[in-house]
Visitor: 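A single structure is presented below for examination.
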Amino acid sequence: MGLFSKEACTFCGTEVGALKRSKLATKEFICNDCKRKTNYFARMSYTSRDDAQAMMDNLGQEAADFEASFDAAEGRFAKAERSFNTWDLGSKRVHYRCNTTLGAFQLKLNDMSSYEHVPVLWFDTMLPYEFKGEGDEFFTRRHEVMDRSADYVKVEESKGDDGKVNHCQLIIPYDDACIREIRIESGVSRQEEIDDFRDLADRINSDRRAWLGKAMFDLDRKNRMQVRNLGDTAAAAIKAAVKGESVEEVIKEGIETANAIEEGKVRQNFWGKLFKK
């Protein structure tokens, strides 16, 4: 199997040469046209056929849902910017936007233009990793999603013989079957380009902290509402038993309210009383 040999794409069946295909982790081949239907940041050597198919099936809906999320964002913790902001990272121009209410963001690079969808990335999947030992290729994820103080996005700088920074890498850890991390790198010649690398890293880290703050606030609020619902249900059940009414119906309603709280369909007024939206 040489450079000019042809193999059939496992998805569309087209036979393509080595320059127009990639090999999946499950040993099948995917042609460049089908690859453009997957996540730009996915590494095909990590990606199984089923995972590649799932990306093709789901990326469009995820992108549409993310776009719609900007209309739904509300409240004092909401931070959603529909327009992309742009950073010039050396030879690469990177566009970024985020919805901290949803906990998701997008990165768009100019060389992604041939891909069908700009992928949606998630803060709760942005998990850093640690190598088990020096020289060991295996690593473990920290699983510290709730670490608000950490800056997970890093910038690595390389210097030339003159001691000046001439190359930067923006590194975003990512715990996905097809993406172990996201790296955006470029040569740099001006301080402004180096500053843009650092500024974009700071922006993503800041947005992650804003999302996490809201997530922790929502969790605390849900816990308080669940405690209130438990008390209201217990009181209603005792009252029903005394009156000879159905306790089962009261408990059923309490369970439905608990589920609605988890789904965000219940609000709490100033005095703690619960109302279904």
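Please read these numbers as outputs of a predicted model, since none were measured by experiment. The first residue of the sequence shown is numbered 1, and numbering continues consecutively from there.
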Visitor: Over all heavy atoms of both residues, which pair between Cys168 and Glu157 is shortest? Give the atoms and the distance, please.
Guide: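 Taking every non-hydrogen atom into account, SG-CG, 3.9 Å.
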
Visitor: Looking at Arg190, is its backbone amide N or carbonyl O close enough to the side chain of Glu193 to form a donor-acceptor pair, meaning the two atoms are under 3.5 Å apart?
Guide: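 Here the side-chain-to-backbone pair exists.
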
Visitor: How would you list, by chain and number, every residue that makes a salt bridge (charged side-chain N to carboxylate O under 4.0 Å, His left out) with Asp195, sequence neighbours excluded?
Guide: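 Residues passing salt bridge (charged side-chain N to carboxylate O under 4.0 Å, His left out) with Asp195: Arg198.
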
Visitor: Apply side-chain contact (heavy atoms from CB on, under 4.5 Å) to residues Arg180 and Asp175 and explain how you reach the verdict.
Guide: CA-CA 6 Å; Arg180 293 183 182 176; Asp175 189 16; over 6 Å; no

Visitor: Distance check, rounded to the nearest 0.5 Å: Glu181 atom CD versus Leu127 atom CG?
Guide: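 Reported to 0.5 Å precision, the distance equals 13.0 Å.
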
Visitor: Would a 4.5 Å heavy-atom cut-off, applied to side chains only, mark Phe11 and Ile30 as touching?
Guide: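 The answer is yes; the side chains approach within 4.5 Å.
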
Visitor: Provide the closest heavy-atom pair for Ile172 versus Leu107 in the form atom of the first, atom of the second, distance.
Guide: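 Minimum heavy-atom contact is CD1-CD1, 3.6 Å.
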
Visitor: Is it true that Glu185 and Arg183 make a salt bridge, defined as a side-chain N closer than 4.0 Å to a carboxylate O?
Guide: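 Between Arg183 and Glu185 there is no salt bridge, as every charged N stays at least 4.0 Å from the carboxylate O atoms.
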
Visitor: My understanding is that only residues two or more places apart in sequence, or in another chain, count here; which of them pass salt bridge (charged side-chain N to carboxylate O under 4.0 Å, His left out) with Asp151?
Guide: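 In terms of salt bridge (charged side-chain N to carboxylate O under 4.0 Å, His left out), with neighbours along the sequence ignored, Asp151 is linked to Arg209.
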
Visitor: Verify whether one side chain among Ser69 and Asn99 offers a donor that lies under 3.5 Å from an acceptor in the other.
Guide: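 Yes, side-chain donor-acceptor contact under 3.5 Å.
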
Visitor: Is there a donor-acceptor pair under 3.5 Å between the side chain of Thr47 and the backbone N or O of Arg43?
Guide: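 Judged by distance alone, yes, a pair lies under 3.5 Å.
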
Visitor: Arg97 and Phe66: side-chain contact (heavy atoms from CB on, under 4.5 Å), yes or no, with the steps?
Guide: CA-CA 11 Å; Arg97 65 175 179 172; Phe66 183 67; 3.7 Å; yes

Visitor: Decide yes or no for Val247 and Ile238: does some side-chain heavy atom of the first lie under 4.5 Å from some side-chain heavy atom of the second?
Guide: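 With C-beta onward as the side chain, the pair stays apart.
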
Visitor: As an exercise, state the distance from SG of Cys98 to CG of Asn85, rounded to the nearest 0.5 Å.
Guide: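 Separation between the atoms: 10.5 Å.
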
Visitor: Hey, are the side chains of Met55 and Lys37 touching, using non-hydrogen atoms and a 4.5 Å cut-off?
Guide: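 In short, these two side chains do not touch, never coming nearer than 4.5 Å.
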
Visitor: Judged by modelled atom types alone, do Asp111 and Tyr40 share a side-chain donor-acceptor pair under 3.5 Å?
Guide: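 Side-chain D/A pair, Asp111 to Tyr40: present.
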
Visitor: Can you see whether Tyr152 has Arg208 sitting over its ring - NZ or CZ less than 6.0 Å from the centre and within 45° of the normal?
Guide: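 Here Arg208 passes the 6.0 Å and 45° test against Tyr152.
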
Visitor: Ignoring hydrogens, what is the shortest heavy-atom contact between Arg36 and Ser114? Give both atom names and the distance.
Guide: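 Looks like CD-O, 3.3 Å.
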
Visitor: Applying the 4.5 Å side-chain criterion to the ILVMFWY set and letting contacts propagate, would Met112 and Met56 be lumped into a single cluster?
Guide: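 No.
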
Visitor: Look only at the side chain of Arg49 and the backbone of Thr10, and say whether a donor-acceptor pair between them is shorter than 3.5 Å.
Guide: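 A pair under 3.5 Å: yes.
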
Visitor: Counting C-beta onward and ignoring hydrogens, is there a side-chain heavy-atom pair between Leu102 and Phe70 closer than 4.5 Å?
Guide: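 Not touching, per the 4.5 Å side-chain cut-off.
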
Visitor: Please confirm whether the backbone N or O of Val118 pairs with a side-chain atom of Gln106, one donor and one acceptor, at under 3.5 Å?
Guide: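 Pair found, side chain donor or acceptor close to backbone of Val118.
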
Visitor: Quick one, Pro119 and Phe41 - any side-chain contact, counting heavy atoms below 4.5 Å?
Guide: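 A side-chain contact under 4.5 Å exists here.
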
Visitor: Of the non-hydrogen atoms in Ser45 and Ala25, which two are nearest, and what is the gap between them?
Guide: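 In this case the closest contact between Ser45 and Ala25 is O-CB, 3.3 Å.
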
Visitor: Starting at CG of Asp199, measure out to CG of Asp88 and round the result to the nearest 0.5 Å.
Guide: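 Rounded to the nearest 0.5 Å, the CG-CG separation comes out at 11.5 Å.
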
Visitor: What heavy-atom pair brings Leu24 and Ala52 nearest, and what distance separates the two atoms?
Guide: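 For Leu24 versus Ala52, the nearest heavy atoms are CD2-CB, 4.5 Å.
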
Visitor: So, do Met126 and Val153 sit near enough that their side-chain heavy atoms are less than 4.5 Å apart?
Guide: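 A side-chain contact exists here, since the closest heavy-atom pair is under 4.5 Å.
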
Visitor: Go through the side-chain N and O atoms of Thr26 and Ser48 and say whether any donor and acceptor fall under 3.5 Å apart.
Guide: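 Note: Thr26 and Ser48 side chains miss the donor-acceptor criterion.
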
Visitor: Could you walk me through whether Asn39 and Cys178 satisfy the side-chain contact (heavy atoms from CB on, under 4.5 Å) test, starting with their C-alpha distance in whole Å, then the side-chain angles of each, then the deciding distance to 0.1 Å, before giving a yes or no?
Guide: CA-CA 9 Å; Asn39 190 321; Cys178 310; over 6 Å; no

Visitor: Below 4.0 angstrom, N of the basic side chain to O of the carboxylate: do Glu67 and Arg82 qualify?
Guide: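 Judged by the 4.0 Å cut-off on N to carboxylate O distance, Glu67 and Arg82 do form a salt bridge.
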
Visitor: Please report the interatomic distance CD1(Ile204) to NZ(Lys154), rounded to the nearest 0.5 Å.
Guide: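 It is 13.0 Å, given to the nearest 0.5 Å.
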
Visitor: Between Met44 and Ile182, is there shared hydrophobic-cluster membership here, with clusters defined by ILVMFWY side-chain heavy atoms closer than 4.5 Å?
Guide: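 Per the 4.5 Å side-chain linkage, Met44 and Ile182 are not co-clustered.
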
Visitor: When rounded to the nearest 0.5 angstrom, what is the spacing between CZ in Arg21 and CG in Asp33?
Guide: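 One finds 14.5 Å between CZ of Arg21 and CG of Asp33.
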
Visitor: May I ask you to check if Lys108 and Phe84 form a cation-pi contact, with NZ or CZ under 6.0 angstrom from the six-membered ring centre and within 45° of the axis?
Guide: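 Judged by the rule, Lys108 and Phe84 form a cation-pi pair.
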
Visitor: With a 4.0 Å cut-off, would you call Asp207 and Arg203 a salt bridge?
Guide: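 Salt bridge present between Asp207 and Arg203.
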
Visitor: Would you indicate whether Asp162, at its atom CG, is surrounded by more than 12 heavy atoms from other residues, nucleotides or ligands within a distance under 6.0 Å?
Guide: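 For Asp162, atom CG is crowded (more than 12 foreign heavy atoms under 6.0 Å).
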
Visitor: Quick one: closest heavy-atom pair of Ile184 and Phe197, and the distance?
Guide: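 Nearest pair, atom of Ile184 first, then Phe197: O-CE2, 3.5 Å.
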
Visitor: Side chains of Thr86 and Arg93: closer than 4.5 Å at any heavy-atom pair?
Guide: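 Yes, at least one pair of side-chain atoms sits under 4.5 Å.
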
Visitor: Decide if atom NZ of Lys20 counts as having more than 12 heavy atoms of other residues, nucleotides or ligands within a radius under 6.0 Å.
Guide: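 Open.
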
Visitor: Under a single-linkage definition using a 4.5 Å side-chain heavy-atom cutoff for Ile, Leu, Val, Met, Phe, Trp and Tyr, are Val94 and Phe105 assigned to the same hydrophobic cluster?
Guide: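 Looking at the clustering, Phe105 is in the same group as Val94.
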
Visitor: Honestly curious: do Tyr115 and Val16 fall in one hydrophobic cluster under the side-chain, below-4.5 Å linking rule?
Guide: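 No; Val16 is not reachable from Tyr115 via cluster members.
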
Visitor: Within a strict 4.5 Å, meaning less than it, do heavy atoms of the Glu156 and Ile171 side chains meet?
Guide: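 When only atoms from C-beta onward are counted, Ile171 and Glu156 do touch, with a gap below 4.5 Å.
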
Visitor: Hey, are Asp51 and Tyr46 close enough side-chain-wise for a donor-acceptor pair under 3.5 Å?
Guide: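 Judged by distance alone, the side chains do not pair up.
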
Visitor: Mind checking the CZ-OG1 spacing from Phe123 to Thr100? Nearest 0.5 Å is all I need.
Guide: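 Spacing of CZ (Phe123) from OG1 (Thr100) equals 7.5 Å.
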
